[in-house]
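Every heavy atom of this structure was used, including side-chain atoms; hydrogens, water molecules and symmetry mates were not. For this chain, numbers begin at 1 and follow the sequence in order.
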Amino acid sequence: MAGYQRKTALSPKAVLEMADQVIPQLVGLTRSKGDSHGASFSGEEGTLTVSVHRHGPVSYTHLRA
């Protein structure tokens, strides 16, 4: 199992919108569920869960996949 973590200046909403575009296109997984703090994508290759959490009103968003 691989893990990925990143801090970004993007909002959680922007991160999830980008995930909705990129993950199906590049990995071939489709979104199976989600809310304002994360999303799950699944398909033949398995399941990918993306979680986002904002730290402060103008600081950064923590992304974990």
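- Within the structure, every pair that satisfies the salt bridge (charged side-chain N to carboxylate O under 4.0 Å, His left out) test and touches residues 28-45, not counting sequence neighbours, is listed here: Asp20-Arg31.
- Taking the side chain as every heavy atom from C-beta outward, Val50 and Ile23 approach each other to under 4.5 Å.
- Residue Thr49 comes nearest to Ser40 through the heavy atom pair OG1-OG, 3.6 Å, listed as atom of the first residue, atom of the second, then distance.
- The distance from the CZ atom of Phe41 to the OG1 atom of Thr30 is 9.0 Å, given to the nearest 0.5 Å.
- Thr61 meets the side chain to side chain donor-acceptor pair (under 3.5 Å) test with Arg54; sequence neighbours excluded.
- More than 12 heavy atoms of other residues, nucleotides or ligands shown are found within 6.0 angstrom of CD on Gln5.
- Summarising the geometry, atom CZ belonging to Arg6 is positioned 13.0 Å from atom OH belonging to Tyr60; distances are rounded to the nearest 0.5 Å.
- Distance check: Ser51 OG to Leu63 CG gives 7.0 Å after rounding to the nearest 0.5 Å.
- Heavy-atom minimum distance, Val52 versus Ser36: CG2-O, 4.0 Å.
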